[in-house]
2 protein chains.
Amino acid sequence: MISTRGRYALRVMIDLAEHAGDMYIPLKDIAERQGISKKYLEIIVKDMVAGGLITGASGKGGGYRLSRRPEDYPIGEIIELTEGSLASVACLAGGSVSCPRSADCRTLPLWAGYDKLTHDYFFSKTLQDLL
Amino acid sequence: MISTRGRYALRVMIDLAEHAGDMYIPLKDIAERQGISKKYLEIIVKDMVAGGLITGASGKGGGYRLSRRPEDYPIGEIIELTEGSLASVACLAGGSVSCPRSADCRTLPLWAGYDKLTHDYFFSKTLQDLL
DNA sequence: CATTTGCCTACTATGTCAATAGGTTTTTAG
DNA sequence: CTAAAAACCTATTGACATAGTAGGCAAATG
């Protein structure tokens with residue numbers, strides 16, 4: 001289940017894209033428009049800056065803006081960054097298969113197939129597609 | 001993320017299918033074969049009985065067995081029953097869209113599309129496919 | 001230089017997950 | 001007919017994640 005972190009991050013990205021201009025957009029404005037606590041958004045937005053999704057500027061006239069064009073953001077990248085991973089089961093998270101039973105696990109192919117489906121879905125769409 | 005509840009339930013189903021005969025299979029045996037706490041399995045198995053997936057029999061010589069043929073169990077039914085729902089976001093769980101912003105939500109189609117993909121994937125496979 | 005804004009650490013309430021513990025009831029095998 | 005084996009039931013627990021809240025510091029500009 002996608003939590004508020006990923007969903008809010010996506011809404012921030014959309015808000016930034018829809019209000020893009022030559023100025024930075026204060027988080028206060030985004031929080032008000034989206035009806036989300038500004039304080040909570042700060043936590044999420046921090047990861048988005050660290051992950052290179054957006055750029056922040058302090059001081060008066062500061063705020064945030066996208067660091068790429070909307071069509072250059074795969075949705076999957078935004079979600080993975082803020083949710084941690086979009087793996088369907090714990091034994092497939094982190095890149096490597098860790099479970100000792102994986103060699104003859106009846107269910108592993110099921111989860112692996114679902115993971116691929118999920119990955120393909122979210123990486124085939126970009127932020128542009130949501131505008 | 002699919003939790004142990006859904007994953008263990010699936011493994012119980014597979015174990016029951018692979019050891020099917022004219023006798024009931026004690027949970028103790030399943031727990032030992034699968035390397036899962038029997039006490040924890042009791043909780044999960046309880047829901048599976050209530051949901052009509054399997055049949056339990058008390059007393060000596062008792063245990064559990066499948067109540068249908070393996071090809072008549074869609075994987076999605078097993079997971080939904082034990083996980084509660086396989087909806088990707090809270091606003092799509094429970095059947096109805098509850099969010100007040102849903103009318104002009106930029107992200108809802110994304111989640112709805114993913115939900116459909118997920119549903120189709122897990123309901124297109126049956127227990128038989130995992131054996 | 002005061003205001004606006006991002007940035008940072010810490011704290012908290014609530015709930016879920018993954019069990020564990022200890023019993024009661026049911027049924028059959030011997 | 002009784003003892004063992006099994007399901008069935010309620011309650012509790014420790015760890016962790018979620019979804020925030022609170023308060024202040026740093027930076028930049030108008």
Indicate for each nucleotide in nucleotides 13-21 of chain C, in 5' to 3' sequence, whether protein heavy atoms under 4.0 Å reach the base (B), only the sugar-phosphate (S), or nothing (-). -----BBBB
Whole angstrom value for the distance that separates P of D/dA19 from CD of A/Gln34: 17 Å
For Watson-Crick and G-U wobble pairs within 3.5 Å on both distances, what is DNA chain D written in dot-bracket notation, | included for inter-strand pairing? ||||||||||||||||||||||||||||||
For A/Arg106, give me all partners under salt bridge (charged side-chain N to carboxylate O under 4.0 Å, His left out), at least two apart in sequence or on another chain. B/Glu18
Can you build the contact string for nucleotides 25-30 of chain C? Use B for base contact, S for sugar-phosphate-only contact, and - for no protein heavy atom under 4.0 Å. -BBBS-
Suppose we screen for side-chain hydrogen bond (donor to acceptor under 3.5 Å, both in side chains). Which residues come up paired with A/Arg65, at least two apart in sequence or across chains? A/Tyr24
Hey, does B/Leu66 have a side-chain heavy atom less than 4.5 Å from the side chain of B/Tyr73? yes
Residues that A/His119 engages under ring-ring contact (aromatic ring centres under 6.0 Å, His included), provided they are two or more places apart: A/Phe123
Without decimals, in angstroms, what is the distance between B/Met48 CE and D/dC8 C1'? 16 Å
What's the NZ-P distance between A/Lys46 and C/dA10, to the nearest Å? 11 Å
Counting heavy atoms not belonging to B/Arg69, are there more than 12 under 6.0 Å from its CZ? no
Any side-chain heavy-atom pair of B/Ile30 and B/Arg11 under 4.5 Å: no
Below 4.5 Å, heavy atoms only, C-beta onward: do A/Gln128 and A/Asp72 meet side chain to side chain? no
Partners of B/Glu32 by side chain to side chain contact (heavy atoms under 4.5 Å, CB included), sequence neighbours excluded? B/Lys28
Which residues share a salt bridge (charged side-chain N to carboxylate O under 4.0 Å, His left out) with B/Lys60, sequence neighbours left out: none
Under the rule for side-chain hydrogen bond (donor to acceptor under 3.5 Å, both in side chains), what residues qualify as partners of B/Ser3, not counting sequence neighbours? B/Glu83
ring-ring contact (aromatic ring centres under 6.0 Å, His included) involving A/Tyr121 - partner list, sequence neighbours excluded: B/Tyr114
What is the separation between atom CE on B/Met1 and atom C1' on D/dC16, rounded to the nearest whole Å? 13 Å
Between P of C/dG6 and CZ of A/Arg65, the distance in whole Å: 13 Å
So which of residues 21-33 of chain A are in contact with DNA chain D, with a heavy-atom cut-off of under 4.0 Å? none
Within-4.5 Å side-chain heavy-atom neighbours: A/Asp47 and A/Arg5: yes
Qualifying salt bridge (Lys or Arg N to Asp or Glu O under 4.0 Å) pairs, either residue in residues 107-130 of chain A, two or more places apart: A/Lys116-A/Asp120
